[in-house]
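Below is one structure; the comments refer to it alone.
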Amino acid sequence: MINPQPASLFPTEDSLPQQWCINPPLEQRQYLCDGVLHHWDGPVKEVLSPVCVQTDSGLRQVSIGSYPLLQEAQAMEALDAACRAYDNGRGLWPTMAVEQRMKHLETFAFRMQEQRTQVIRLLMWEIGKSQADAEKEFDRTVAYIGDTIDALKDLDRVSSRFVIEEGVIAQIRRAPLGVVLCMGPYNYPLNETFATLIPALIMGNAVLFKPPKIGVLLHQPLLEAFRDSFPPGVVNTVYGKGQDIITPLMSSGRIDALAFIGSSRVADQLKRQHPRPHRLRSILGLEAKNAAIVLADANLEQSVKECVLGALSFNGQRCTALKILFVHRDIIDAFLARLGDAVSGLKAGMPWEEGVMLTPLPEPGKTDYLRELIDDACLQGATVINAGGGLVEQTFMAPAVVYPVAPGMRLYAEEQFGPVIPVVPFDDIEEPMRYVRESNYGQQVSLFGSDATTLAQLIDPLVNQVCRVNVNSQCQRGPDTFPFTGRKDSAEGTLSVSGALRSFSIRTLVAAKQTEANRAIIKSILSERSSRFLSTDFIL
Ligand code: G3H
């Protein structure tokens, strides 16, 4: 271990801010199954925060609690509960009027907000997210629930009319898929789990929900709200090792849709475990290696600012992060000088410190992995150009700007998902364009320049390689109403407020030849209100 500075970045136990401490540790022993919070007496997993404290014997990661390591039996009970709640589409929840389901979601959102401080505190300690970013994640998630309800109102309004085509009268609506397994990532453990959980629920599916390996405890304060807001079995939680709980769930063949945000390697494994893969719908948010292409006429100040935000927000732990910068050789020196200064000016510290941007990393072994990437590049002729870049103190790594990065270096191809900024100089625009074309990933790209004609000529080929071209702006998912997806190994399906409603449902219709008798039957069903599906009720 290399110490970046004489004074440690980490606090002593006495200097921890009391209002943000998790005291006593959160020893979670509950899991939600079939509308009941069950007590767990079996093995548990201790949760170590990426935040360390100084002790006489060195730095120690703070233990903030533990959570249940459920086994196959509990996972299968949760699956049975979800299947009962769905009941082949005949359950209370999938047949409930859309407006009623919205009320359940509203109740949940209200109850969720009562837990705001506790969830934010856990986000800060469990994954090292700064207070400001943790607050943003929580508030964005609550807003997402409201936006989802509004989007469903729009969708339902459109579906509340009949269509008459070629002598056939029909009503087309979206219906649930069945039992959905939702698994989110550690970097947005709340927001990105809920980005699939909420639309899956509101469309009438029953859900099994497994929090990411890192980022479990922050869901504990919401368990009672889940229990009280939904009918039994509609939401069930499972915790534990993938092999113990996820493999049996997938192998059962009873999971109808998989919502997974993580690596393509794990996504492929999960899909393969399903005995009838064609029955499984998958909504996947996977890895990416988004490039920035900085042209010779780019506004330096603006492009450096966006590249720093894009590469280092939450320490670069975003699937949308800028993970490689291609900079035209004409401006490379000026760009690097500004980039180095901007990175050195960022505040490093603990999640609760005001204005902090760089914080400790939650993944075990992450700083070692990042050092390997940097060392590999340096062995092949690159250097870390910012003072102190890449120095490690336990779970913290100072951000490193590595230059010049070239093909053959691991940093050129691997998704670092951390505070390392590889910079590649280019003379010919064909070099970064080839990189994007040949990459295994196809999520987004950022293009920096000022000549409209040149930009237009690059935008057209790039939109067919990735799913979002950001002009003079960093890559990002938001606003959440925009479609978020990717090509190649980066995604399957589209997530956006309205896109997710479609992803977790299927169009189904009732159709009849337009005879007198059929017209009379439909009219009678409508006037008697004897069907929930065949209905012209309009949500106001
Ligand atoms: O980790 C990937 C996230 O979807 C990125 O979202 O662009 O809002 O940070 P963001």
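Read the numbers this way: they start at 1 and go in the same order the structure lists the ligands and their atoms.
- Under the salt bridge (Lys or Arg N to Asp or Glu O under 4.0 Å) criterion, Asp133 pairs with Lys136, sequence neighbours left out.
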Table please: side-chain donor-acceptor pairs of residues 335-351 below 3.5 Å, with sequence neighbours left out.
residue	atom	partner	partner atom	Å
Ser344	OG	Gly340	O	2.9
Lys347	NZ	Glu354	O	2.8

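- Here the two rings, on Phe226 and Phe108, have centers that are under 6.0 Å apart.
- Annotation: cation-pi pair Lys289/Phe417 absent, no NZ/CZ under 6.0 Å from the ring centroid and within 45° of its normal.
- Enumerated by chain and number, the residues approaching ligand 1 to less than 4.0 Å through a heavy atom are Arg140, Asn187, Tyr188, Glu192, Arg318, Cys319, Thr320, Gln476, Arg477, Phe484.
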Task: Check against salt bridge (Lys or Arg N to Asp or Glu O under 4.0 Å), Glu492 and Lys271 - done: CA-CA 12 Å; Glu492 189 175 327; Lys271 285 175 77 164; 2.7 Å; yes

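- Applying the ring-ring contact (aromatic ring centres under 6.0 Å, His included) rule to Trp20 yields no partners; only residues at least two apart in sequence or on another chain are considered.
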